[in-house]
K.L.:
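Here it is, the structure, as structure tokens.
Values reported hereafter were calculated over all heavy atoms of this structure, with side chains retained and with hydrogens, waters and symmetry mates removed. Every value quoted in this text rests on a predicted model; they were computed, and no experiment measured them. Each residue takes its place number in the sequence, starting with 1.
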Amino acid sequence: MSYTNPDPEPERTTGLEPGGGVPPGETPPAESSLPEAGPRETHNPTKGWAKGPLTLILLLVVVVAAFFLVYAIMLAL
């Protein structure tokens, strides 16, 4: 099996200056930013908790807190 060097030979590569530098204009321009990369989105759902599940969780927390408050009062009597 023979080994071949994947790097190009600097003497035969176009666009290289002596020493391996690249002159201005030989490299492609930089990419544009990512927000412009995809299609335009017209439907953006809201982020965060919906009102229904949040209300149920808060109600459950209040009921559990009230239970323990009443339980503590009954133990103190």
Side-chain angles (χ1 to χ4, degrees):
M1 181 186 257
S2 65
Y3 173 76
T4 58
N5 188 358
D7 294 331
E9 295 179 24
E11 299 83 31
R12 295 179 28 189
T13 304
T14 59
L16 288 179
E17 293 178 336
V22 180
E26 283 290 324
T27 57
E31 282 188 36
S32 63
S33 63
L34 287 178
E36 300 172 3
R40 183 175 180 198
E41 290 188 31
T42 56
H43 172 69
N44 292 320
T46 58
K47 294 181 173 128
W49 289 78
K51 291 180 182 176
L54 187 59
T55 303
L56 289 175
I57 291 171
L58 290 176
L59 182 64
L60 181 65
V61 167
V62 168
V63 168
V64 169
F67 170 77
F68 283 112
L69 180 65
V70 170
Y71 186 72
I73 291 173
M74 294 303 284
L75 284 179
L77 294 177

K.L.:
Got a sec, which hydrophobics cluster with V62, joining ILVMFWY side chains under 4.5 Å apart, including via others?
P.N.:
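V62 clusters with nothing; isolated.
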K.L.:
Linking Ile, Leu, Val, Met, Phe, Trp and Tyr by side-chain heavy atoms under 4.5 Å, what else ends up with V64?
P.N.:
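For the cluster that includes V64, the remaining residues are L60, F67, F68.
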K.L.:
List, by chain and number, the other hydrophobic cluster members for Y71, where Ile, Leu, Val, Met, Phe, Trp and Tyr join if side-chain heavy atoms come within less than 4.5 Å, directly or indirectly.
P.N.:
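Result for Y71 is L75.
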